[in-house]
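One structure below.
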Amino acid sequence: MIYIGSHVSFKSDTGLLGSVKESIGYGSNAFMFYTGAPQNTQRSEINDLQTYEGMKLMQENNIKLENVIVHAPYIINLANNKEFDKWEFTCNFLRQEINRCNQLGVKYLVLHPGSSVGLDREYAINNIIKGINNVLVNDDKIQILLETMALKGTEIGSIDEIKTVIDGINQKDNIGVCLDTCHLNDAGVDLKEFDKFLDEFDSKIGLDKIKCVHVNDSKNEFNSHKDRHENIGFGTIGFETLINIIYNERLINVPKILETPFIDKEYAPYKFEIEMIRNKKFNENLYNDVYKYYKGDK
Ligand code: FE
Ligand code: FE
Ligand code: ZN
């Protein structure tokens with residue numbers, strides 16, 4: 001059995017219950033959400049009743065808690081402490097985000113390691129370590145998953161850099177990794193040789209640290225350092241390679257999350273992408289099927 005789902009919304013008026021309903025509508029048994037808008041740090045109170053009802057609905061639909069992921073907003077940057085106030089704010093925000101995960105019962109929080117911007121890279125990596133060590137407290141249950149990045153601009157997040165960060169974290173049980181297929185491709189990892197990559201990962205970090213995989217095709221060439229996601233089978237990675245990753249036995253229990261683009265920026269493709277992943281059969285009519293489903297025409 002695979003655990004597959006997508007990024008879904010988490011709205012202040014429907015909370016976790018709304019996210020679960022959306023996921024079920026796509027045929028998912030895993031999902032990921034931001035606790036508010038991904039591009040800002042404004043967050044509203046979490047409604048415990050909606051959380052409780054969401055949990056109940058998850059249970060009824062066999063969605064396990066370990067297949068629910070929160071993604072921290074991508075604007076927070078632990079690597080850059082040039083403005084100390086801002087860096088402190090970021091640390092505080094991350095702490096609050098962990099508290100929100102605790103309140104929601106979520107065990108995994110995906111975090112982009114950050115960008116060095118004008119700073120020396122090694123120094124910036126050390127800021128990430130300091131930040132996470134600052135934020136974690138003794139009995140924390142959360143596992144912060146550092147995402148592998150496309151290495152666009154001054155982005156940090158190669159396998160070696162993630163290893164350096166993990167090595168510096170005091171509470172090892174609270175740190176892990178989220179692979180992103182688009183990012184790996186764009187960073188120059190040959191996904192056609194995925195087992196070779198896993199061997200290397202295993203010797204450097206350990207496969208047991210991988211708790212989530214973002215499954216995205218890429219609009220750009222191998223090693224382009226770009227980071228633009230494409231729908232499954234429509235990009236440069238291709239359907240076969242992505243299917244092989246999703247069904248790889250060594251990561252079979254790890255939830256796979258789609259972050260592919262909406263069709264015409266409006267229509268979620270996930271129901272149909274999940275369908276083709278379950279059938280292991282590429283659907284070249286994805287766009288039309290999505291239009292038909294949401295608009296009832298074309
Ligand atoms: Fe991400
Ligand atoms: Fe991602
Ligand atoms: Zn990305």
Side-chain angles (χ1 to χ4, degrees), residues 3-10 19 28 30-41 67-79 90 93-94 97 101 106 108-115 128 132 142-159 161-162 165 175-189 191 194 197 201 209-232 234-237 241-242 245-246 251 254-262 265 268-270 273-274 277:
Y3 302 100
I4 179 93
S6 70
H7 157 253
V8 295
S9 59
F10 179 90
S19 308
S28 306
F31 61 96
M32 180 180 82
F33 59 92
Y34 292 87
T35 59
Q39 69 277 15
N40 70 41
T41 51
N67 295 322
V68 179
I69 318 279
V70 165
H71 197 311
Y74 50 70
I75 48 137
I76 67 170
N77 184 6
L78 281 181
T90 299
F93 179 84
L94 190 58
E97 193 77 334
C101 287
V106 171
Y108 301 117
L109 174 61
V110 171
L111 176 71
H112 293 182
S115 296
I128 303 171
I132 295 175
I142 196 80
Q143 201 165 351
I144 296 174
L145 307 181
L146 300 167
E147 183 166 350
T148 60
M149 301 308 288
L151 310 180
K152 183 171 85 182
T154 63
E155 240 171 30
I156 291 160
S158 69
I159 297 303
E161 288 168 336
I162 285 176
V165 174
I175 195 86
V177 178
C178 171
L179 303 180
D180 184 309
T181 56
C182 168
H183 299 174
L184 288 171
N185 172 78
D186 291 14
V189 171
L191 294 175
F194 191 60
F197 166 76
F201 189 100
K209 282 287 182 205
I210 303 173
K211 299 297 183 191
C212 180
V213 179
H214 289 167
V215 180
N216 303 303
D217 215 324
S218 173
K219 283 192 199 295
N220 291 100
E221 292 307 315
F222 173 75
N223 208 13
S224 59
H225 294 214
K226 283 270 175 47
D227 189 6
R228 287 189 66 212
H229 302 184
E230 180 57 285
N231 294 107
I232 302 304
F234 289 86
T236 58
I237 302 173
T241 301
L242 290 171
I245 293 169
I246 294 165
L251 300 181
V254 176
K256 316 293 184 321
I257 303 290
L258 300 163
E259 302 174 298
T260 49
F262 280 27
K265 296 191 171 139
Y270 306 126
E273 287 181 318
I274 288 168
I277 287 166

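Ligands are counted one by one from 1 in listed order, and the atoms in each one are counted from 1 as well. Below, each value reflects all heavy atoms present in this structure, side chains not excepted, and no hydrogens, waters or symmetry copies.
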Residue pair E230, T260: steps toward the side-chain hydrogen bond (donor to acceptor under 3.5 Å, both in side chains) verdict: CA-CA 6 Å; E230 180 57 285; T260 49; over 6 Å; no

T236: side chain to side chain contact (heavy atoms under 4.5 Å, CB included) partners, not counting sequence neighbours: N185, S218, E221

Count of N, O or S atoms belonging to protein, less than 2.8 Å from the Zn ion (ligand 3): 3

Under the salt bridge (Lys or Arg N to Asp or Glu O under 4.0 Å) test, residues paired with E147 that sit two or more places apart: none

Distance, nearest 0.5 Å, that separates NE2 of H7 from CD1 of I69: 12.5 Å

Inter-residue atom distance D186.CG - H225.NE2, 0.5 Å rounding: 8.5 Å

H112 and H71 aromatic ring geometry - parallel, tilted or perpendicular at 30°/60° bounds: perpendicular

Side chain to side chain contact (heavy atoms under 4.5 Å, CB included) assessment of L179 paired with I210: CA-CA 7 Å; L179 303 180; I210 303 173; 3.9 Å; yes

Listed protein N/O/S atoms, distance to the Fe ion (ligand 1) under 2.8 Å: H71 NE2, H112 NE2, E147 OE1

Spacing of OG1 belonging to T181 relative to NE2 belonging to H229, to within rounding of 0.5 Å: 8.0 Å

Rounded distance [0.5 Å steps], CD1 in I75 versus OG1 in T41: 5.0 Å

